[in-house]
There are 2 protein chains.
Amino acid sequence: MVFIADDDSSVCKGLGRLIKSAGFKVETFVSAEEFLQRKPYRGGPSCLVLDVRMPGLSGIELQKELVQKGVSIPIIFITGHGNIPMSVKAMKDGAVDFLPKPFDDKELLSAIDRAIDKSAQLRKKETEKAKLQRRVNTLTPREYECLRWVITGMLNKQIAHKLGITEKTVKVHRGRVMHKMQAVSVADLVRFAQKCGITSPKK
Amino acid sequence: MVFIADDDSSVCKGLGRLIKSAGFKVETFVSAEEFLQRKPYRGGPSCLVLDVRMPGLSGIELQKELVQKGVSIPIIFITGHGNIPMSVKAMKDGAVDFLPKPFDDKELLSAIDRAIDKSAQLRKKETEKAKLQRRVNTLTPREYECLRWVITGMLNKQIAHKLGITEKTVKVHRGRVMHKMQAVSVADLVRFAQKCGITSPKK
DNA sequence: TACCATATTGGACTAAGGTCCAATTTACAA
DNA sequence: TTGTAAATTGGACCTTAGTCCAATATGGTA
């Protein structure tokens with residue numbers, strides 16, 4: 001799925017035809033605001049072909065909005081009146097490409113391929129993280145505490161001392177953590193924790 | 001440490017003065033080839049201020065060379081006659097910034113700060129990886145095999161079966177691995193292996 | 001050939017991890 | 001007040017992990 005946002009509706013139409021002919025689904029918007037209205041797309045990898053200069057919210061501002069809102073959709077900028085600082089800023093903020101008009105159809109399609117690849121990777125990572133996060137959310141506060149200590153590699157005895165409880169209790173919490181996280185080993189747990197950004201307390 | 005490569009020696013001089021006054025050590029080169037001759041700098045975080053267009057090897061080509069050789073030094077491009085595709089390519093290839101002349105001194109110095117920060121991070125990661133890699137290199141082939149299985153979280157019994165040996169032998173190898181890798185727990189081992197890119201065999 | 005690194009295994013033992021069943025306490029909500 | 005989730009602990013028991021000492025086998029090197 002490729003989204004196009006350009007205030008010139010004839011550009012939208014033209015690009016839409018081109019991109020559809022390459023086998024993508026397309027949806028067009030004539031302003032940044034209109035794109036923001038759209039409910040987040042969840043149907044598969046997607047990217048956004050975005051005009052830099054538009055009345056109202058500009059393409060660059062829309063990118064900033066999206067980054068800030070945590071919407072991770074790869075962006076390809078197109079522009080008729082761009083300059084170097086603008087392109088550099090867009091790239092720094094994670095754009096996949098920045099194409100000054102006129103550009104070859106091939107160039108755009110190649111950029112879209114890369115953007116879609118990137119989107120697929122992002123989505124894979126995010127869904128995995130979300131799955132793990134759902135498991136983490138089922139942990140009680142104490143179980144979560146234990147998890148953070150367990151992934152340091154500390155012994156039950158030591159964790160018990162840290163928490164001011166008995167080794168026995170740690171074993172119980174730990175067992176529940178393993179079960180709820182669907183981890184078969186500490187190695188799993190370490191990797192899970194890393195993937196969803198769980199930090200270890202300092203010893 | 002800041003390196004400057006620009007074919008115009010007066011530019012080198014001027015930038016050199018500016019950057020020195022900001023508290024950095026500076027070394028200048030009047031061609032890409034001259035910079036490549038220099039032995040790799042190991043004294044601390046560093047970056048390269050690079051002119052895009054130079055006789056002989058261009059700045060963009062030098063960047064490509066460095067990336068390909070695995071020399072990870074953050075690059076800030078400066079140019080008098082740049083264009084958007086050029087800046088986009090440079091940024092895609094990892095440049096920290098791309099400044100068309102004329103630029104403010106502040107802009108350059110700010111970019112240098114970011115580049116030096118990035119360099120410090122890179123160096124930290126690389127030295128840590130090298131340290132771990134040296135430990136890995138002391139492992140015998142069989143010990144390395146065991147390491148790869150251990151970090152999957154598999155039981156000694158299961159690893160033994162995979163290798164066609166007894167559980168007892170696995171314990172011995174495993175003990176030596178822990179010792180040589182200076183790991184106190186499997187959790188450590190998992191993190192070490194991740195940091196130096198050791199892959200697990202598929203079960 | 002004698003030596004050395006590597007790989008393998010056994011015995012004996014200690015410590016650590018993990019589980020099942022059962023029980024108590026506390027805090028908060030219906 | 002009753003109920004529920006969370007936290008805590010004990011006992012009994014089994015499985016794993018890890019270590020020390022000792023021994024054997026193999027392949028390559030000085």
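Quick note on labels: first sequence line is chain A, next is B, and so on, each numbered from 1.
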Establish, with yes or no, whether the OP1 or OP2 oxygen of C:dT9 is under 4.0 angstrom from a side-chain nitrogen or oxygen of B:T169.
->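 Yes, such a contact exists.
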Just to confirm, is there a sub-4.0 Å distance from OP1 or OP2 of D:dT8 to any side-chain nitrogen or oxygen of A:H173?
-> yes
Donor-acceptor pairs under 3.5 angstrom involving side-chain atoms of residues 175-186 of chain B: please list them, not counting sequence neighbours.
{"from": "B:K180", "atom 1": "NZ", "to": "B:T138", "atom 2": "O", "distance (Å)": "3.0"}
{"from": "B:K180", "atom 1": "NZ", "to": "B:E143", "atom 2": "OE1", "distance (Å)": "2.8"}
{"from": "B:Q182", "atom 1": "OE1", "to": "B:R135", "atom 2": "NH2", "distance (Å)": "3.3"}
{"from": "B:S185", "atom 1": "OG", "to": "B:D188", "atom 2": "N", "distance (Å)": "3.3"}

Within this structure, what is the [atom1]-to-[atom2] distance between [X] and [N], rounded to whole angstrom?
| X | N | atom1 | atom2 | answer |
| --- | --- | --- | --- | --- |
| B:L163 | C:dT6 | CG | C1' | 15 Å |
| A:R176 | C:dC20 | CZ | P | 12 Å |
| A:K168 | D:dA7 | NZ | C1' | 13 Å |

Contact class for A:T166 (heavy atom, under 4.0 Å): base, sugar-phosphate, or nothing?
-> sugar-phosphate
For A:N156, the option from A:E167, A:R174, A:H161 that meets side-chain hydrogen bond (donor to acceptor under 3.5 Å, both in side chains) =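 Exactly one candidate clears the test, A:R174.
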Nearest heavy-atom pair of B:M1 and B:Y41: which atoms, and what distance?
->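 Smallest heavy-atom distance, with atoms named: CB-CE2, 3.3 Å.
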At their closest point, which heavy atom of B:P100 faces which heavy atom of B:F98, and how far apart are they?
->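 Taking every non-hydrogen atom into account, CD-O, 3.5 Å.
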N/O contacts under 3.5 Å, protein versus nucleotides 13-18 of chain D?
{"from": "D:dT16", "atom 1": "OP1", "to": "B:K157", "atom 2": "NZ", "distance (Å)": "3.4"}
{"from": "D:dT16", "atom 1": "OP2", "to": "B:K157", "atom 2": "NZ", "distance (Å)": "2.9"}
{"from": "D:dA17", "atom 1": "OP2", "to": "B:N156", "atom 2": "N", "distance (Å)": "3.1"}
{"from": "D:dA17", "atom 1": "OP2", "to": "B:N156", "atom 2": "ND2", "distance (Å)": "3.3"}
{"from": "D:dA17", "atom 1": "N7", "to": "B:K171", "atom 2": "NZ", "distance (Å)": "3.1"}
{"from": "D:dG18", "atom 1": "OP2", "to": "B:R174", "atom 2": "NE", "distance (Å)": "2.9"}
{"from": "D:dG18", "atom 1": "N7", "to": "B:K171", "atom 2": "NZ", "distance (Å)": "2.9"}
{"from": "D:dG18", "atom 1": "O6", "to": "B:K171", "atom 2": "NZ", "distance (Å)": "3.2"}

For DNA chain D, find the residues of residues 131-144 of chain A with a heavy-atom distance under 4.0 Å and give them by number; none if there aren't any.
-> A:T140, A:P141, A:R142
Could A:D93 and A:K64 be called an ion pair, given the rule that one side-chain N must be under 4.0 Å from one carboxylate O?
->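 No, A:D93 and A:K64 are not salt-bridged.
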Lys/Arg N to Asp/Glu carboxylate O, A:E126 vs A:R123, below 4.0 Å |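 No salt bridge links A:E126 with A:R123.
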Could you go step by step and tell me if B:K92 and A:D97 meet the salt bridge (charged side-chain N to carboxylate O under 4.0 Å, His left out) rule?
-> CA-CA 8 Å; B:K92 278 187 194 168; A:D97 215 330; 2.9 Å; yes
Return yes if a side-chain donor-acceptor contact under 3.5 Å exists between A:T152 and A:S200, otherwise no.
-> no
